[in-house]
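Following: one structure in structure tokens, then a few remarks.
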Amino acid sequence: MKFQALFKISLAGAIGLSACLSAVASPKISLDKFKAMPVLDGGRVKPLDTYARVTLMQLSARSAYKGQAAVEWLARVMFTPKDAMDDKVFRINNPDVVYSIGVEPQSDSRYTFAQISPAISKLSDLADAAMKVDEKKRTPVESEIIRVANNLSVYVGISNAFLFAIPSPDFKVTDTATAKALGLDPRPQPYSYMDIRGHMGQMASLVQPLMAGENGGPGARDPTTWSSAEMGAYHLFQNFTNWTQHYRDFPPALIPPMEKGSEMWIGPWSLVGKPNMDPEVKAAIQSLHAMASAYIAGQPEEFDQAVTNITAFTGKLGAGLVNPTRIKLELAYNALDPFYLTKILLGFAILGALIGMMVMRKWIYWPTVFLLIAAALIQGAGLALRVAISGRAPVSNLFETFLFVSWVGGVLGLALEFFNRKGFGVLVGSMTGFLVLLLSGRYDTDGDTIGVLVAVLNSNFWLSTHVITISLGYAGMCLAGVLGHFYIIQRAWNNKAGEKLDAMIRMTYAILAFGLIFSFIGTVLGGVWADQSWGRFWGWDPKENGALMIVLWGSILFHAKVGKMIGALGMAVGAVLGIIVVMMAWFGINLLGVGLHSYGFTTGVATALSAYVGGEAVFLAAMLYLVKRADAKSLPT
Amino acid sequence: MSSPIDARAKAWFGSMPTLRSWAPRLASLKISVVCLLLLLILTAWGTIYQAEAGLYAAQTRFFFSWYFLVGGFLPLPGAQLVMWVLFFNLIASMVFRVTYSFANIGNILTHSGFLFLLAGSFVTFKFAQESYLPLAEKEVSNVSLDRRAWELAVWSDGEGGLERKVSAVQLGTGQVGEEIDFSEFGFKAILENYYRNCDPTADTTGMSGPAEMRKLGNLVTRRPAQDPEDNIAGARLRIKPAGGDAQELLLYGGQLEPLTVDVQGHLIQVTLRKQRHPLPVSIRLIDVKKEEYPGTGIARTYQSDVEVKAEGAMSFKTRINMNHPLHYKDFTFYQSSYDVDAQGHESSVFAVVENSGKLLPYISGAMIFCGMLFHFLVMLFRYGNHAGKSANVKSPGEVVK
């Protein structure tokens with residue numbers, strides 16, 4: 001991608017934006033129908049609501065803007081871009097980038113379009129230079145520059161999407177003679193591109209005689225002899241032609257393919273630019289115009305009617321390409337926000353379990369169990385919705401594996417509670433689920449989390465077998481690690497609680513065995529998949545090695561235990577260290593940036609991972625010291 | 001009183017005191033744990049090493065080696081040595097340590113499966129052959145190309161160019177100075193120099209050009225690539241026709257056309273190329289297709305329609321695509337990559353693997369899975385029993401003080 005070239009267009013748009021009109025103070029427009037409009041983005045058809053969330057998340061790492069739903073922000077950017085210019089939506093993670101492009105640093109690392117737009121030229125130069133560096137060798141600053149430039153181009157594209165319907169000073173007709181010649185009313189308020197296009201016939205008949213000799217050919221008329229109507233028409237025509245040349249192919253791709261066999265959707269501008277339009281297309285363009293105009297004018301009924309007309313048009317065109325049920329399900333998924341709800345429930349479950357254990361009250365036990373059950377059900381429903389929307393197993397990217405592992409952590413906690421009703425299962429299950437769900441937030445900002453899959457991963461069978469089993473293994477190892485933490489803390493706190501300690505270590509042992517079995521099965525199934533896809537069962541690829549390390553670590557612990565090389569404490573410490581092995585295998589490996597599995601690269605995770613490992617080392621050292629001290633105290637003197 | 005391990009050792013090696021004393025020690029769980037720990041360290045180290053040095057270097061240094069030197073002087077065991085020790089440790093454990101009872105079936109099955117896995121890995125490591133088959137649309141071939149080995153190939157075109165007899169010898173640095181017999185073509189060749197990786201000088205870039213160009217050019221040694229697959233070999237040969245004058249030939253692996261040599265009036269073609277491996281079938285690429293998700297550059301699928309013909313058998317058409325390879329006897333053909341040239345001609349590259357032990361990982365995997373599952377269920381049953389007894393003492397939800 002050439003950012004310089006890209007921004008040539010964008011810059012034109014940016015200039016256009018500053019001149020656009022704001023929305024009038026108006027009754028609230030309902031976006032319920034608007035957000036259900038299908039759009040092709042990132043290789044799949046999704047509701048505009050998801051498109052808005054993904055875009056806002058990509059730009060600002062938030063799925064809402066100042067309490068407004070993402071779709072409301074999107075509508076403002078599309079229909080009243082001038083109003084959105086001061087929205088702080090551009091997150092710049094690296095201060096060096098801010099410094100490089102010469103923008104005033106902001107404490108919250110978020111910037112408005114108005115703040116960044118003067119730096120567009122500088123940014124595009126830097127981005128073009130960064131693009132020339134091999135992706136694996138780019139510095140964090142270079143990667144961030146490219147990300148910001150890309151986000152900026154997305155934003156400008158969206159804000160240009162409906163410029164044709166937005167009145168612009170480029171199409172101001174105040175001169176009475178010009179207005180009369182074109183069949184327009186002379187007025188101080190500007191017209192829109194579409195308004196002028198409706199009078200192209202009159203404009204062409206006025207301008208063509210003037211243009212005949214513009215390049216020195218015969219028939220040229222000296223401009224000093226032009227009438228005011230001709231002069232006005234000529235300027236309008238020039239602006240109109242410039243717009244026609246500059247504005248095209250902007251997202252969002254709302255219009256399904258019009259050619260048979262094609263899968264390419266087009267944006268509103270591309271539809272407007274279609275030659276030889278049939279009446280249906282003309283009507284659709286009018287509806288697009290009407291939709292933007294109604295939004296700007298604050299006319300809810302007209303807006304809804306226009307959206308309905310466009311949806312009918314795209315529904316007819318996109319028959320077979322759009323699955324209305326999936327669109328509805330995705331809207332329901334967005335509205336439910338199941339994983340946010342789960343996070344809250346799990347948080348309360350942790351609180352309940354901790355209170356239960358500390359104050360030893362029976363009354364809090366069952367509510368806490370029900371909180372975890374509710375969390376597991378809602379999270380399960382969320383995962384089921386993702387399956388229904390994507391049509392594949394809910395483990396196709398790192399983000400989804402976090403959701404799945406978190407859910408399994410909760411369910412395993414409930415299973416433990418079933419066998420040993422003392423509150424440990426609920427505590428460790430909700431804690432595992434909650435912590436893993438928190439981790440997922442880091443990957444939420446990468447874009448569409450129900451995105452398309454690269455060819456080699458595009459296999460429902462292997463996703464449903466290999467990735468699910470390996471994720472079950474991750475979940476088991478993580479849960480065992482959390483249990484290990486509690487065992488060590490309990491041992492340091494009160495090493496005389498024999499029954500409690502015994503129950504904890506037996507749970508750790510069982511869950512570790514569960515993790516080992518599924519890690520092993522997952523690893524073998526991964527080998528089978530690799531055999532099917534790449535022609536070898538095992539190739540020492542980093543991701544394969546990561547899975548092997550989990551299996552080896554689990555096996556070491558069990559053999560060391562059977563051989564009496566470690567006791568209960570050693571097993572618990574091993575389980576704690578198992579979390580680090582899992583993290584390395586799960587997402588640490590991606591930091592290496594090598595191997596056939598090198599999809600879903602993650603940046604900025606290394607620091608967090610190192611901090612975690614360091615923190616865990618400090619925890620273990622401190623706890624083992626305390627355990628040793630407690631053990632020494634309890635020895636008979 | 002002697003332990004069960006000692007008793008078994010006595011039963012096996014009653015009259016051999018040394019073996020009787022040492023063999024059971026090989027079954028030590030400490031050896032198992034140390035080996036597993038070493039494997040873990042080697043795996044982690046090799047994985048990190050890959051980021052710097054590439055997969056091939058990591059495999060060679062850590063995973064396929066008996067030992068490797070750290071800092072050029074400190075020898076550490078490689079994964080191959082560790083796995084062999086683990087293999088014998090496991091056999092010894094199966095003989096001397098493992099209790100053969102119903103409750104222990106899971107354990108026995110798991111460890112037997114692991115033995116199979118190690119054996120299968122060895123079979124694959126030693127005998128599996130990986131090569132590739134590049135085909136343009138409408139092209140047909142019954143040989144695949146080695147990824148790293150080079151061969152000196154000599155042939156003369158038969159009458160009418162319909163049939164060609166090819167003689168090929170694998171080349172390597174070990175053969176420098178050796179005489180290679182091509183007497184069926186009327187000459188012997190002496191390998192004067194072999195370049196593992198080289199660049200042609202300007203004069204030899206047009207190697208399909210006039211004959212004298214061959215004598216003027218030269219090859220410049222390059223540093224071997226991290227992965228030998230990326231090397232382009234070269235060779236300097238002296239050709240001695242029976243009863244004729246010797247002549248020098250310079251061969252570069254990057255040449256597209258063979259060199260034509262006049263051996264006593266017969267025109268012989270000579271080339272240095274990636275080693276060819278015969279396939280049991282000929283494969284014709286009918287059509288190759290790459291589909292992308294609309295509006296993105298992300299590939300949805302690659303697929304190749306091919307016609308497969310084995311000697312003396314009916315030909316059949318099939319489709320090879322991602323995750324759906326073609327299996328034929330011990331051979332498997334995978335969709336590896338796709339290319340389209342500037343003229344829009346599409347081509348496909350298939351990875352070809354010949355592995356007679358390809359089922360072993362599947363069998364061992366199934367054995368280990370069943371074993372682990374059985375073992376886990378037994379453990380769960382015991383855990384449930386234990387937990388149940390505890391639950392009888394305390395009512396549900398009651399927290400133990």
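Keep in mind it's a predicted model, so treat the numbers as computed, not measured. Here is the naming used below: chain letters follow the sequence lines, and residue numbers restart at 1 for every chain.
A 6.0 Å sphere centred on NE2 of B/H277 holds more than 12 heavy atoms belonging to other residues, nucleotides or ligands. Heavy atoms of other residues, nucleotides or ligands lying less than 6.0 angstrom from CZ of B/F116 number 12 at most.
Neither the backbone nor the side chain of A/F558 comes within less than 4.5 Å of any heavy atom in chain B. Proximity to chain B (any heavy atom under 4.5 Å) is shown, for A/D41, by neither the backbone nor the side chain. With a 4.5 angstrom heavy-atom cutoff, A/M549 touches chain B via backbone and side-chain atoms both. In this structure, chain B has heavy atoms under 4.5 Å from both the backbone and the side chain of A/V562. With a 4.5 angstrom heavy-atom cutoff, B/M372 touches chain A via backbone and side-chain atoms both. Both the backbone and the side chain of A/I556 come within less than 4.5 Å of a heavy atom in chain B. Looking at A/L525, there are no atoms closer than 4.5 Å to chain B (heavy atoms on both sides), in backbone or side chain.
A donor-acceptor distance shorter than 3.5 angstrom exists from the side chain of B/Q59 to the backbone of A/G539, with no hydrogens or angles considered. Between the side chain of B/Q50 and the backbone N or O of A/W540 there is at least one donor-acceptor pair closer than 3.5 Å.
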Criterion side-chain contact (heavy atoms from CB on, under 4.5 Å) on A/V528 and B/Y362, from CA distance to verdict: CA-CA 8 Å; A/V528 175; B/Y362 290 77; 3.5 Å; yes
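Scanning all heavy atoms of the two residues, the minimum distance from B/T43 to A/N545 falls at CG2-CB, 3.5 Å. Here the shortest heavy-atom pairing between A/F520 and B/G365 reads CE2-O, 4.0 Å. The two residues B/L37 and A/W553 make their nearest non-hydrogen contact at CD1-CZ3, 4.4 Å.
Two residues are said to be in side-chain contact when any heavy atoms from C-beta on lie closer than 4.5 Å; B/P294 and A/L40 meet this criterion. Here the side chains of A/D531 and B/Y334 are in contact, with some heavy-atom distance below 4.5 Å. Proximity of B/R300 to A/E263: side-chain heavy atoms (C-beta onward) are separated by under 4.5 Å at one or more points. Considering only heavy atoms from C-beta on, B/Y293 comes within 4.5 Å of A/L453 through its side chain. The shortest side-chain heavy-atom distance between A/W538 and B/T124 does not fall under the 4.5 Å cut-off. The side-chain heavy atoms of A/D541 and B/L55, taken from C-beta on, include no pair separated by under 4.5 Å.
Between atom CG of residue A/L548 and atom CG of residue B/L39 there is a gap of 7.0 Å, rounded to the nearest 0.5 Å. We find the CD1-CD1 distance between B/I368 and A/I517 to be 12.0 Å, quoted to the nearest 0.5 Å.
Ring-plane geometry between B/H111 and A/H559 is classed as perpendicular, the angle between the planes exceeding 60 degrees on a 0 to 90 degree scale with a lower cut at 30.
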